[in-house]
There are 2 protein chains.
Amino acid sequence: MSPTSSLDVLIRKLQSISDLREADIEVLKGIQIQEKDFLANYDLVREGDRPVNSFVVLDGLLGSTKLTGDGKRQITSFFVAGDIPDLHGLHLSVMDCNFTTLTAARLGFMRHDALRTICEQHPRIATAFWRSTLIDAAVYREWVTNVGRREAYTRMAHILCELIFRLRSVGRIQDHVADLPITQAALGDALGLSTVHVNRMLQELRRRGLIATTGSRVHALDWPGLTRAGDFDTTYLHQRNPAA
Amino acid sequence: MSPTSSLDVLIRKLQSISDLREADIEVLKGIQIQEKDFLANYDLVREGDRPVNSFVVLDGLLGSTKLTGDGKRQITSFFVAGDIPDLHGLHLSVMDCNFTTLTAARLGFMRHDALRTICEQHPRIATAFWRSTLIDAAVYREWVTNVGRREAYTRMAHILCELIFRLRSVGRIQDHVADLPITQAALGDALGLSTVHVNRMLQELRRRGLIATTGSRVHALDWPGLTRAGDFDTTYLHQRNPAA
DNA sequence: CCCAGCCTATGTCATAGGTTAATGCACGGC
DNA sequence: GCCGTGCATTAACCTATGACATAGGCTGGG
């Protein structure tokens with residue numbers, strides 16, 4: 001089904017954020033990964049769970065989500081192919097958020113005890129995993145800023161920039177067009193906006209010629225313009241080999 | 001000057017979030033820590049820096065902050081005694097945010113190369129440090145939710161709950177009264193609100209009998225009421241020995 | 001004792017964004 | 001072909017919050 005094996009996806013990801021030696025990569029190749037498919041809007045992990053495995057995203061879009069006391073949902077981060085969303089659960093026994101599929105997704109599950117053993121014996125691999133969670137944290141910081149201090153239009157442009165940039169850097173974008181089968185309601189939950197206002201802001205972005213949409217496809221017509229509109233700077237994504 | 005040594009503060013913190021053995025603690029006692037005092041509103045670390053040390057907070061209140069393109073500031077998290085705010089810098093070579101004192105503060109600096117050596121040789125200590133950064137990430141997640149989906153009044157109550165709870169769990173609160181010499185402008189930067197609106201929300205909290213303030217002191221008159229008003233649940237702080 | 005600099009408090013007015021609800025459109029099932 | 005469901009779109013109205021202006025404390029310095 002997938003063009004590459006799940007181990008390839010994991011190893012390429014870790015190499016893209018960290019220095020690994022041949023020996024480390026051999027160790028990683030020994031990890032048992034169990035693949036599984038999910039529909040959109042499935043809660044893989046819930047607040048209060050004590051997970052015994054973590055998963056790498058092989059395909060699709062996920063989000064970490066939280067619910068407020070009066071039932072409103074906030075998506076606190078997106079995850080794309082290569083990401084390991086709930087690696088945090090490796091050392092946080094009780095989860096404080098949910099991990100939910102936002103589109104259909106294919107995931108690869110890895111047992112915590114296996115990961116812990118590897119981390120104990122191979123400090124460089126432990127560092128790579130640690131760094132992965134630190135980048136997640138950097139994204140959360142940027143999202144606090146995005147939601148707290150940018151207005152809706154800028155905020156919308158910013159999140160599109162992040163999604164497009166991350167998808168491109170893992171080779172999931174063809175011809176400047178991203179396939180994002182995500183609803184406007186979900187975008188609202190990520191931006192702290194109502195569905196209606198998400199719609200208004202998308203229209204404004206189209207009107208100004210920055211994006212075009214056809215069905216679930218988003219076309220960045222003017223990437224420099226979009227990054228300017230979104231006050232987008234890639235530093236917080238901590239890519240080692242910044243893509244174009 | 002301080003009642004306990006800086007090493008004590010560090011070791012107690014790590015013990016409070018992780019399982020350490022006697023041998024680990026002996027290793028930690030060998031860490032060289034250099035103490036230093038700072039005034040309020042001093043940028044210890046700036047976006048773009050490549051720090052060679054990290055610091056533990058011995059006294060005072062710090063924040064991680066980001067600036068948007070049009071110069072607005074967002075505080076993305078608070079740090080109190082025991083916290084190691086920029087431990088993230090150990091594995092993120094370029095910083096993506098600032099670390100700023102919000103009050104006068106006393107800090108203890110530790111060299112990155114020393115920390116890296118310890119982490120390579122003592123996986124349990126590495127895990128403790130890693131866990132510290134994971135808890136930071138959990139706080140960032142909660143803040144995204146707080147700023148994105150709670151209204152100003154709830155948001156204000158929530159942040160007060162977090163501050164009071166964290167100060168209490170490191171023994172910095174006497175008689176239910178927290179000394180918080182932080183300006184309303186800074187609270188606004190943490191909440192994504194204007195100074196004026198922070199003022200209005202504080203008044204509302206006082207009017208409803210949840211808090212009282214005298215100078216820089218905040219008195220939680222009705223803790224259960226305050227946590228209800230703030231939709232506050234301590235799970236995301238990942239304390240091992242939940243305080244009262 | 002007075003002044004300067006900061007912070008908190010208040011009032012007025014403007015507006016970004018929320019809420020609600022109606023409409024339309026595409027797709028899948030039968 | 002028809003219906004149901006989920007989503008995007010649009011419009012009308014409303015409110016939470018921001019912007020701006022000003023006044024009134026504190027505090028520390030000389």
Side-chain angles (χ1 to χ4, degrees), chain A residues 39-42 61 68 70-74 101-104 146-160 179-207 211-219 229 231, chain B residues 39-42 61 68 70-74 101-104 146-160 179-207 211-219 229 231:
Chain A
L39 296 175
N41 295 306
Y42 180 80
L61 184 66
T68 64
D70 54 350
K72 286 184 226 160
R73 182 172 81 151
Q74 176 71 44
T101 57
L102 300 175
T103 68
N146 201 33
V147 173
R149 283 301 189 203
R150 293 197 183 103
E151 46 184 42
Y153 175 75
T154 315
R155 216 185 288 177
M156 181 81 239
H158 189 281
I159 218 172
L160 287 180
D179 191 24
L180 286 174
I182 179 180
T183 66
Q184 295 184 357
L187 282 175
D189 286 344
L191 294 166
L193 295 173
S194 67
T195 313
V196 173
H197 209 60
V198 166
N199 188 283
R200 294 197 269 242
M201 294 304 105
L202 285 173
Q203 285 181 51
E204 185 65 16
L205 286 167
R206 284 190 291 249
R207 204 186 58 72
I211 63 168
T213 57
T214 51
S216 67
R217 289 187 155 69
V218 179
H219 188 166
D231 191 18
Chain B
L39 296 176
N41 295 308
Y42 181 79
L61 183 67
T68 64
D70 54 350
K72 287 184 223 157
R73 182 172 81 152
Q74 176 72 43
T101 58
L102 299 175
T103 69
N146 201 32
V147 173
R149 284 301 190 204
R150 293 197 183 102
E151 46 183 42
Y153 175 74
T154 315
R155 216 185 289 178
M156 182 80 238
H158 189 281
I159 217 172
L160 287 180
D179 191 24
L180 287 173
I182 178 179
T183 65
Q184 296 183 356
L187 283 175
D189 286 343
L191 295 167
L193 296 172
S194 66
T195 313
V196 172
H197 210 61
V198 167
N199 187 283
R200 295 196 269 242
M201 295 303 106
L202 284 173
Q203 286 181 50
E204 185 65 18
L205 286 167
R206 284 191 292 248
R207 203 185 59 71
I211 64 168
T213 58
T214 51
S216 66
R217 290 188 154 68
V218 179
H219 188 166
D231 190 19

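First the proteins, then the strands, lettered A, B, ... as listed; each starts at 1.
The nearest whole Å value for the distance from the CD atom in A:E151 to the C1' atom in D:dA19 is 13 Å. For the pair A:D70 CG and C:dT19 P, the computed distance is 10 Å after rounding to whole Å. Atom CG in B:L187 sits about 12 Å away from atom C1' in C:dC7, given to the nearest Å. Between A:R217 atom CZ and D:dA8 atom C1' there is a gap of 18 Å when expressed in whole angstrom units. Atom CG of A:L193 and atom C1' of D:dA16 are 14 Å apart (whole Å). Rounded to whole Å, atom C1' of D:dG18 lies 15 Å from atom CG of B:L191. Summarising the geometry, the separation between CZ on A:R155 and C1' on C:dG18 is reported as 12 Å, rounded to the nearest angstrom. Taking atom NE2 of residue B:H197 and atom C1' of nucleotide D:dT15, one finds them 11 Å apart after rounding to whole Å.
Here B:N199 reaches the OP1 or OP2 of C:dA9: one of its side-chain N or O atoms lies under 4.0 Å away. Phosphate proximity of D:dG6 to A:Q184: absent, as no side-chain N or O sits under 4.0 Å from OP1 or OP2. Side-chain nitrogen and oxygen atoms of A:R206 include at least one within less than 4.0 Å of the OP1 or OP2 phosphate oxygen of D:dT9.
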Original post:
Yes or no on side chain to side chain donor-acceptor pair (under 3.5 Å) for A:D231 and A:T154, after CA distance, side-chain angles and deciding distance?
Top reply: CA-CA 7 Å; A:D231 191 18; A:T154 315; over 6 Å; no
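When side chains are defined from C-beta on, B:R149 counts as touching A:D189, because their heavy atoms get closer than 4.5 Å.
B:T103 places no side-chain N or O within 3.5 Å of a backbone atom of B:A40 that could act as its donor or acceptor partner. Not one N or O on the side chain of A:R206 forms a donor-acceptor pair closer than 3.5 Å with the backbone of A:A212.
Distance from the side chain of B:T183 is smallest to C:dT8 among C:dG17, C:dT8, C:dT19.
Using a 4.0 Å heavy-atom distance criterion, B:L202 is classed as making no nucleic acid contact. Among the atoms of the strands shown, base atoms are found under 4.0 Å from some heavy atom of A:S194. Within the 4.0 angstrom heavy-atom criterion, only backbone atoms of the sugar-phosphate kind lie near B:G192; the bases stay farther away.
When the nearest nucleotides of DNA chain C are assigned to B:Q203 and B:N41 by heavy-atom distance, the more 5′-ward of the two goes with B:N41. Sequence order on DNA chain D of the closest nucleotides to A:A185 and A:R149 puts A:A185 first from the 5' end.
Within a 6.0 Å radius of CZ in B:R217, other residues, nucleotides and ligands contribute 12 heavy atoms or fewer.
Interface remark: the B:R200 side chain does form a donor-acceptor pair with the D:dG18 base, using a distance-only criterion of under 3.5 Å.
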